[in-house]
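Shown next, in C-alpha cells, is the structure this report addresses.
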Amino acid sequence: MPELPEVETIIRSLRPALLGKNVLSANLRWNRTLMSPSPAKFKILIQGQQILDIVRRAKFLQFKLSTYQLIIHLRMSGDLLVVKGGYQAAIHDRLILNLADETTLVFSDPRKFGRVWLVEDPAEIFQTLGPEPLSSEFSPGWLYAALHNRQRQLKPLLLDQSFLAGLGNIYTDEALHLARLHPLTRSDWVSEEEAARLWMAIRQVLEEGIRRNGASIDWVYRGGDFQNHFRVYGRQGESCPVCGTKIQRIVVGQRGTHFCPNCQVLTNDQNPVK
DNA sequence: CACGAGACCTGTTCGC
DNA sequence: TGCGAACAGGTCTCGT
C-alpha cells in the first residue's frame with residue numbers, strides 16, 4: 001500500500017481540488033470499507049459537510065469537515081482520485097462522494113483492505129500510533145532510547161506503527177540499507193552512533209520519497225518515480241549500489257525483506273532476539 | 001513481551 | 001498455452 005510518502009503525495013494533489021467543496025451525497029459500494037458509523041448513518045451525516053482541510057497522520061488521510069472528520073486508510077491497494085464532470089462507477093470503486101461543482105471523489109481499492117471512518121474526533125483511531133518520523137519529536141536521542149526499550153528485530157519494529165508511524169515495507173528496507181543495519185539486528189544492540197545513522201536514514205528516504213512523489217509499483221500506478229531509485233527493495237539478485245554484492249531477499253515477519261549481506265552485517269547473530 | 005501463522009481480498013507474475 | 005503457486009505498498013487477531 002501507500003506508505004507515508006505516497007499518502008503525503010496523494011493529499012497534496014487532493015487539497016487544491018477539494019478544499020471548500022461541499023459533499024452532496026455518498027455512494028458506498030462495499031459495506032466493509034466503512035468502519036463507522038453504519039452505512040445509513042454515514043450517508044446522512046456526510047451530506048452537506050464542507051471539506052475544510054486535508055491532512056496526514058501516519059498513513060491515514062484526515063479530511064476535516066464542517067462537523068465531522070472523514071478518516072481514510074488506503075492499506076495495500078487503496079487510491080483516491082478526483083474526477084471533474086460526469087463519473088461512471090468503476091469495478092473497484094468502494095466509496096464515491098459526489099461533491100459540488102460536478103466534482104467526484106473516488107475511493108478505489110481492488111483488494112478491499114482499505115478502511116473509512118466518519119467521526120467527530122479521530123483521537124481514538126490514532127491513539128496507538130507512535131511519533132511522526134518527520135516531526136521534531138522523532139530525534140536521534142528518542143530513537144536510541146526507544147530501541148533500547150525493546151528487544152525486537154529492527155525490521156518488524158520499524159514496521160510497527162505504535163513504535164513509529166508511517167514506515168512500510170519499502171521505506172524500511174531502504175532506510176536499513178542506507179543506515180548499514182541488518183534487518184534482524186536486535187534493537188537493544190544498536191549503538192548510539194548506529195541509532196543516529198538510522199534516524200538520518202529514515203528521514204532521508206522519506207524525504208526523497210516525498211520529493212519524488214512516492215513510488216508506484218505493481219498495477220497501482222500513482223505517478224511517482226521513487227521506484228526507479230530503490231537501493232534494495234525488489235532488487236534481489238542485482239548488485240548493491242554501494243559495494244556491488246548481490247542483494248539478498250529473505251522473509252522477516254512474513255514480509256519480503258531486501259538487504260546487502262556485505263553492507264548490512266548481523267553483529268548479534270550469536271544473540272538473536274528469539 | 002515478542003514472534004509466527006492465519007485472516008482479510010483481488011490481481012499479476014512466475015515456474016513448470 | 002495453461003494452471004496453480006507465489007507474491008503484492010497493511011494491519012488485526014490468536015496461539016505459543
Side-chain angles (χ1 to χ4, degrees), chain A residues 1-11 29-36 56-61 71-80 90-94 107-117 124-130 146-175 183-189 205-206 208-210 212-230 232-237 249-258 268 271-274:
Chain A
M1 109 68 101
E3 305 179 31
L4 186 156
E6 288 72 35
V7 175
E8 184 63 34
T9 299
I10 289 169
I11 283 182
R29 306 179 78 247
W30 178 253
N31 278 348
R32 300 191 60 179
T33 295
L34 183 63
M35 294 294 280
S36 77
R56 181 188 59 73
R57 172 70 172 106
K59 302 173 193 172
F60 292 88
L61 294 101
I71 308 296
I72 299 181
H73 197 303
L74 301 171
R75 294 278 179 94
M76 290 288 264
S77 60
D79 203 0
L80 286 166
I91 179 83
H92 295 128
D93 295 352
R94 308 305 176 195
F107 174 48
S108 159
D109 183 20
R111 291 180 70 179
K112 299 177 175 173
F113 289 159
R115 291 294 180 261
V116 171
W117 297 255
E124 201 170 315
I125 300 167
F126 296 159
Q127 69 181 352
T128 58
L129 292 174
L147 290 171
H148 282 253
N149 259 339
R150 320 281 203 101
Q151 292 186 26
R152 303 266 311 262
Q153 300 172 335
L154 282 184
K155 167 91 189 241
L157 183 56
L158 293 174
L159 285 175
D160 184 341
Q161 302 296 296
S162 69
F163 179 78
L164 186 64
L167 286 179
N169 208 34
I170 293 177
Y171 292 89
T172 299
D173 281 4
E174 294 298 298
L184 297 181
T185 305
R186 265 176 66 148
S187 60
D188 60 340
W189 274 49
V205 297
L206 291 177
E208 186 183 355
I210 291 172
R212 297 191 180 280
N213 298 314
S216 298
I217 64 168
D218 291 352
W219 73 102
V220 189
Y221 181 71
R222 296 195 180 83
D225 80 324
F226 189 54
Q227 68 277 13
N228 300 320
H229 302 271
F230 289 163
V232 288
Y233 184 83
R235 299 208 182 284
Q236 58 271 28
R249 179 186 183 278
I250 58 175
V251 175
V252 181
Q254 296 165 269
R255 311 301 303 275
T257 297
H258 315 77
N268 59 270
N271 298 278
V273 172
K274 35 166 203 179

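Residue numbers begin at 1 in each chain, while the letters A, B, ... track the order of the sequences.
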- Item | Spacing of the P atoms in C:dA5 and B:dA7 (rounded, Å) | 15 Å

- Message: Nearest whole Å is fine: how far is B:dC1 P from A:Gln153 CD?
- Response: 17 Å

- Query: OP1 or OP2 of C:dT11 less than 4.0 angstrom from a side-chain nitrogen or oxygen of A:Gln161, does that happen here?
  - Reply: yes

- Task: Using modelled atom types only, decide if a donor and an acceptor are shared between the side chain of A:Asn169 and the backbone of A:Gly256 within a distance under 3.5 Å.
- Result: yes

- Is there a side chain to side chain contact (heavy atoms under 4.5 Å, CB included) between A:Phe230 and A:Asp173 once you walk through the steps? CA-CA 9 Å; A:Phe230 289 163; A:Asp173 281 4; over 6 Å; no

- Message: I want to check one thing: is the phosphate of B:dT10, taken as OP1 and OP2, less than 4.0 Å away from some side-chain N or O of A:Arg94?
- Response: no

- Message: Can you measure A:Asp79 atom CG to B:dT10 atom P for me and round it to whole angstrom units?
- Response: 18 Å

- Query: So does A:Glu3 reach the base of C:dG10 with its side chain, donor to acceptor, closer than 3.5 Å?
  - Reply: no

- Item | Parallel, tilted or perpendicular, as decided by the 30° and 60° cut-offs, for the rings of A:Phe226 and A:His229 | parallel

- Task: Nearest 0.5 Å please: distance from the NZ atom of A:Lys112 over to the CZ atom of A:Arg29.
- Result: 10.5 Å

- Query: With side chains defined as the heavy atoms from C-beta onward, is the minimum distance between A:Leu158 and A:Tyr171 less than 4.5 Å?
  - Reply: no

- Taking C-beta and beyond as the side chain, do A:Ile210 and A:Leu4 meet within less than 4.5 Å on heavy atoms? yes

- Query: Between C:dG10 atom C1' and A:Leu4 atom CG, what is the distance in whole Å?
  - Reply: 14 Å

- Message: Nearest whole Å is fine: how far is C:dC7 P from A:Ile250 CD1?
- Response: 14 Å

- Message: So A:Arg152 and A:Asp160, do their side chains get closer than 4.5 Å, heavy atoms only?
- Response: yes

- Message: How many whole angstroms separate atom CG of A:Asp109 from atom C1' of C:dT11?
- Response: 13 Å

- Does a side-chain N or O from A:Arg32 land closer than 4.0 Å to OP1 or OP2 of B:dC9, or not? yes

- Atom CD of A:Gln151 and atom P of B:dC1: how far apart are they, to the nearest Å? 12 Å

- Message: On the nucleotide B:dC8, are OP1 or OP2 found under 4.0 Å from the side-chain N or O atoms that A:Lys112 carries?
- Response: no

- Item | Nucleotide nearest A:Phe113 (side chain, heavy atoms from C-beta), chosen from C:dT11, B:dC9, B:dC3 | B:dC9

- Query: What is the minimum heavy-atom distance between A:Gly166 and A:Lys59, and which atoms define it?
  - Reply: O-CE, 3.3 Å

- Message: In whole Å, measure the gap between the P atoms of C:dT1 and B:dG11 for me.
- Response: 23 Å

- What distance separates A:Phe60 CZ from A:Leu129 CG, expressed to the nearest 0.5 Å? 5.5 Å

- Query: Roughly, in whole Å, what's the span from NE2 in A:His148 to C1' in B:dC1?
  - Reply: 17 Å

- Task: Determine, for nucleotides 11-16 of chain B in 5'-to-3' order, which nucleotides have protein heavy atoms under 4.0 Å from the base (write B), from only the sugar-phosphate (write S), or from neither (write -).
- Result: SS----

- Watson-Crick or G-U stems of DNA chain B, 3 or more pairs, under 3.5 Å, by first number: B:2-8 with C:10-16, B:10-16 with C:2-8

- Any side-chain heavy atom of A:Ser187 sitting closer than 4.5 Å to one from A:Leu154? yes

- To the nearest angstrom, the CZ-C1' distance between A:Arg152 and B:dC3 comes to 8 Å

- Message: Classify A:Arg115 by what it touches in the nucleic acid, base, sugar-phosphate, or nothing, heavy-atom distance under 4.0 Å.
- Response: nothing

- Item | Presence of A:His73 side-chain N/O under 4.0 Å of C:dG10 phosphate oxygens OP1/OP2 | no

